[in-house]
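Comments concern the structure below.
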Amino acid sequence: MTCYPLALPPAAPVFLAPMAGITDRPFRDLVTRFGAGLVVSEMIASHEMIRARPGTRERAELGAEVDNTAVQIVGRDAHWMAEAARMLTDHGARIIDINMGCPARKVTSGLSGSALLREPDHALRLIEAVVAAVDVPVTLKTRLGWDDDMKNAPEVVAGAERAGIAMVTVHGRTRCQFYRGQADWAAIGAVREAVTIPVIANGDIIDAATARQAIRQSGATGVMVGRAVRGRPWLLAAIRHDLFGTPAPHVPRGTALTTMVQEHYEAMIGFYGRELGVRLARKHLGWYMDDAGTVPALRRRILTAARPEEVLDLLGQALAPCGTIPGTSGAAA
């Protein structure tokens, strides 16, 4: 299958961060529909993917063939990372992203993710293997360093650039901070000064104002948005509009919001099947109802319902209280 690599960074670079259990294929498709510069798949363990050989649904989940999608891989072994990257490009991946930023203990205890910041020479060999294995752009997502005594991102990313990395996203915290405290966007500036490739700022970006501030403090080319997008799939498009002048998203309200949420719910049922889809969709419905101010009794009824038909019937009532939707500036549909 012939791949047509995307230009990096894409125009108006406001990207969707990979978030385990959240940025699945139905949600990424919805965010893309509103307008996103790039979306990144949930993290994939390279060795496990090679052993399991993804089936039809798993390949659909990757969305490797979708134009604005990067597929993120994580691992410790250069051989398996390279093999995973090669398999993904065979499935149509346009961009491979290497995870060197995940702080979760189950990842770092396997000496993957942000643990690689403690072994920059090994990390460099891993990056070189992945870049050599594929003919599409390879990007990197990382943090400022392991802890306050090892903020080595500028040196690590400079080595990654020499190895062929095309773009890097830097979360403005160390691994040992996890998600505590405030992201240090100014510290990302040290990475920006160390390289010539595009640098994307990540961490605590929740709207256009914080995105603009992150770019100003870091000198970054663009931003990556994570948790703030939950329940607000139009947010990236709204930030792109405010920062880069792209068309304003049609932010759904009233009946349009109900229709969008119903379509998202049905997409999850269709993708995962009835039983699993009902369970996995509940967190998304909860976030939509947070913004809408749904009364507690109705919220509980929706989040405990086992029948999709009941949920679909109740969503109009649940989302009716919505008025001004936080974090947007686009026109209503």
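Under a 3.5 Å cut-off, the side chain of Q72 and the backbone N or O of P18 do not form any donor-acceptor pair. Under a 3.5 Å cut-off, the side chain of R28 and the backbone N or O of V39 do not form any donor-acceptor pair. A donor-acceptor pair under 3.5 Å is absent between the side-chain atoms of H284 and the main chain of F27, judged by distance alone. No donor-acceptor pair closer than 3.5 Å links the side chain of R118 to the backbone N or O of A115. Using modelled atom types, no side-chain atom of T139 and backbone atom of A166 make a donor-acceptor pair closer than 3.5 Å.
Of all the heavy atoms in A305 and V311, the pair that sits closest is CB-CG2, 3.7 Å. Residue I127 comes nearest to A163 through the heavy atom pair CG2-CB, 3.8 Å, listed as atom of the first residue, atom of the second, then distance. Between T246 and A12 the shortest heavy-atom distance is CG2-CB, 3.6 Å. The shortest heavy-atom contact between W185 and D204 is CZ2-O, 3.6 Å. When all heavy atoms are compared, the tightest approach of A214 to I205 is CB-CD1, 4.0 Å. Closest heavy-atom contact between A194 and A158: O-CB, 4.0 Å.
Between the CG atom of D207 and the CG atom of L235 there is a distance of 7.5 Å, given to the nearest 0.5 Å. Separating the CD atom in Q177 from the CD atom in Q182 is a distance of 10.0 Å, to the nearest 0.5 Å. Put simply, CG on D97 and OG1 on T169 are 6.5 Å apart, with the number rounded to the nearest 0.5 Å. Rounded to the nearest 0.5 angstrom, R279 CZ and K283 NZ are separated by 10.0 Å. Rounded to the nearest 0.5 angstrom, I302 CD1 and Y288 OH are separated by 13.5 Å.
R274 is listed as a side-chain neighbour of P308, based on a closest heavy-atom distance under 4.5 Å. With a 4.5 Å cut-off on side-chain heavy atoms, I197 and I165 count as touching. Side-chain contact between H79 and S46 is absent, with no heavy-atom pair separated by less than 4.5 Å. Proximity of T142 to V156: side-chain heavy atoms (C-beta onward) are nowhere separated by under 4.5 Å. A 4.5 Å side-chain heavy-atom check between R175 and M150 finds every atom pair outside the cut-off. Residues V136 and I95 are not in side-chain contact: their nearest non-hydrogen atoms beyond the backbone lie 4.5 Å or more apart. Using a 4.5 Å cut-off on side-chain heavy atoms (C-beta onward), F15 and K141 make no contact.
No chain of hydrophobic side-chain contacts below 4.5 Å, direct or via other Ile, Leu, Val, Met, Phe, Trp or Tyr residues, connects V74 to M100. Hydrophobic clustering, with ILVMFWY side chains joined whenever heavy atoms are under 4.5 angstrom apart, groups M289 together with I269. Using a 4.5 Å cut-off between side-chain heavy atoms of Ile, Leu, Val, Met, Phe, Trp and Tyr, with links allowed through other members, V130 and V107 fall into different hydrophobic clusters.
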Review point. When you look at E42 and R25, which way does the salt bridge (charged side-chain N to carboxylate O under 4.0 Å, His left out) test go after all the steps?
Key: CA-CA 9 Å; E42 295 177 85; R25 179 67 185 273; over 6 Å; no

**Study point:** Full working for salt bridge (charged side-chain N to carboxylate O under 4.0 Å, His left out) between D67 and R94
**Key:** CA-CA 7 Å; D67 281 345; R94 269 73 165 172; 3.1 Å; yes

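If you run side chain to side chain donor-acceptor pair (under 3.5 Å) between R299 and each of D290, T304, T294, only D290 comes through. With L236 as reference, L16 is the one residue of L38, L16, V223, T32 to meet the side-chain contact (heavy atoms from CB on, under 4.5 Å) rule.
The side-chain tip of R212 does not point at the ring of F244 from less than 6.0 angstrom away and within 45° of straight on.
Salt bridge annotation for R125-E128: absent, with no cationic side-chain nitrogen under 4.0 angstrom from a carboxylate oxygen.
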